[in-house]
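Working notes, beginning with the structure itself.
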Number of protein chains: 2
Amino acid sequence: MSVDRTQVLRTAAALLTRKSTATMDEVARAAGIGRATLHRHFAGREALVRALEEMCLQELDAALDTAALEDGPADEAVRRLIAAVEPAAPLLAFLVSENQLFEGDEQNEGWSRSDARISRLFRRGQEQGVFRIDLTPSWLTEALYGLVGAGAWAVQDGRVAAKDFQYMIVELLLGGARRSVER
Amino acid sequence: MSVDRTQVLRTAAALLTRKSTATMDEVARAAGIGRATLHRHFAGREALVRALEEMCLQELDAALDTAALEDGPADEAVRRLIAAVEPAAPLLAFLVSENQLFEGDEQNEGWSRSDARISRLFRRGQEQGVFRIDLTPSWLTEALYGLVGAGAWAVQDGRVAAKDFQYMIVELLLGGARRSVER
DNA sequence: ATCGCGTGAGACATTCGTGTCTCATTAGAG
DNA sequence: CTCTAATGAGACACGAATGTCTCACGCGAT
C-alpha cells in the first residue's frame, strides 16, 4: 500500500530524462500513483528535482568509490570511472543541463565535492606523467561531464549504440588527455 | 524608431544562454523594448526560438564555410572549425540542450545538414589516415558539440578562461581523434 | 470483523506566462 | 510642419501547472 519512494524517483528520472518538461501529473502517472500522493512525498517540483539530485549525487559518489580513483595508473582509473558512471549517465545529463538553468546562484556543495574528486584524479595523472599538463584538471573534468552527457543523449536518440557508450567516451577522453611522447 | 531585429535576437541569445527559462517579458526588457513590440516581431516564444535557431544555423553554416573543411589535412580543418564556431558557441549550447527537450519528434533538417558536413570531415580524416577509425564520425560529431557546449558553459561560469576556449577543446578533441602510431 | 492510515480521484483557488487589445506618444518620412 | 506608422505601457482574458483540500475506498494490522 505504501509508496516506494526510491521506485518513484527511478521512474521520475527515466521520464524526466526523456522529457525534461514533464508535468507533476505526468510524473505521477508514470510512477503509477496519484498526483496527490506524489505531492505528499515531494512538496513540489523543485523538491522532486532536489531529491533526484541527491539520488544522482549518491550514485555518482558510489561510482567514484567503486572506481577507486586513487589506485593504479590514472588512465585506468578514468576507464573504471566511466564504466561505473554509465548507469547514472542519463540522469546526470538531465541534472547538469537542469543546473545550467539555476543561474549561478549557489553551486551545490555536493557537486563541488564530486567535481573535486574527479579533478584530483586528473591532477594525479598529470603529476605522475600520465596526462598532459597543458589541459587543466578543471577543464578535463568539465569535458568528462560534457562527453558523458553527449554520450547519454546520443545513445538515447540512437545515434550511438549503447554497447559503445563506454568505449567511445573513454577512448576520446583518454586519447586526448593521455600524454604521448611524440606530439 | 524601428526595432533592429538582429539586435533583439542577439540580446535574446545572450540572455537565454544564461537563463534558458527566461520569460518573454525578460527577453523584451533585456532588449530594451516593450513586450508588445517583441510580440509584434516574434509571434510567440516558439517563434523566437525558431528565429534564434535559424540565426544559429546560419552562423554555423558560415563557420563551416569559413573553415573550408574540405581543404588540407583534416585535423587542421578541425582546428579551423572550432575557431570559426567559437562566437556561436553559447547560442549553440543553448539550442542543443533546448532541442534535447523536444522529445525526439522531428530532427530539424538544418541541423542534419550541419551534422552531415561535420561528420563528413571526420570521415575524410579517417579515410586519409589522420583520424582513428574505431570512433565513428557520428560520435565524433556528437562529441564536438558536447565539448563546445561544455566549453561555452565552463567559460561562462569562469571555470575556464575565455582565451583558452579554443585550445582546450581542440587539443582534447584532436588528441583523442588523432591517430598516433603507438597506441 | 473492525479500525486506522495511506491512498486515488477529483474539486478548487492561485499563480504565472502568454497572447491580444487599446491608447497615448513619438520618431521619421514626405 | 504634418501625417503616418511603429512603439511602450498597461489592461485583460485565457490556459497550464501548481499546491491545497476533501472524501470515499481498501489494505493491513489489531
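To find a chain, count down the sequence lines: A is the first, B the second, and so on, and within it residues start at 1.
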What pairs of donor and acceptor atoms, side-chain ones from residues 33-41 of chain A against any protein atom, are under 3.5 angstrom apart with sequence neighbours left out?
unit_1: A:Thr37; atom_1: OG1; unit_2: A:Arg40; atom_2: NH1; d: 3.4
unit_1: A:His39; atom_1: ND1; unit_2: A:Ala43; atom_2: O; d: 3.2

Q: Can you tell me the distance, in whole Å, between the CD1 atom of A:Ile33 and the C1' atom of C:dT7?
A: 10 Å
(Q) Rounding to an integer number of Å, can you tell me how far B:Asp4 CG sits from C:dG28 P? (A) 13 Å
(Q) Between B:Thr136 and B:Trp139 (side chain of the first, backbone of the second, donor and acceptor by atom type, cut-off under 3.5 Å), is there such a pair? (A) yes
Q. Is B:Glu59 paired with B:Arg10 through a side-chain N to carboxylate O contact shorter than 4.0 Å?
A. yes
Q: Round to the nearest Å and state the distance from B:Phe42 atom CZ to C:dG19 atom P.
A: 13 Å
Extract from the structure each pairing of a protein N or O with an N or O of nucleotides 12-18 of chain C at less than 3.5 Å, listing the distance.
unit_1: C:dT18; atom_1: OP2; unit_2: B:Met24; atom_2: N; d: 3.0

Q) Can a side chain N or O of A:Thr37 be found less than 4.0 Å away from OP1 or OP2 on C:dT7? A) no
Q.
Show the nearest heavy-atom pair for residues B:Leu174 and B:Asp75, with the distance to one decimal.
A. CD1-O, 3.5 Å
Q.
At less than 4.0 Å, is any side-chain N or O atom of A:His41 found next to OP1 or OP2 of C:dT7? Yes or no.
A. yes
**Q.** Protein-nucleotide distance (B:Arg40, atom CZ; C:dT22, atom C1'), rounded to Å
**A.** 10 Å
Q: Tell me, please, which residues at least two apart from B:Pro87 pass side chain to side chain contact (heavy atoms under 4.5 Å, CB included).
A: none
Q.
Just the rounded figure in Å: distance from P of D:dT18 to CG of A:Leu48.
A. 10 Å
Q: Kindly assign one of parallel, tilted or perpendicular to the pair A:Phe131 and A:Phe122, based on the angle between their ring planes and the thresholds 30° and 60°.
A: tilted
Q. For the pair made of CZ in B:Arg5 and P in D:dA6, what is the distance, rounded to whole Å?
A. 15 Å
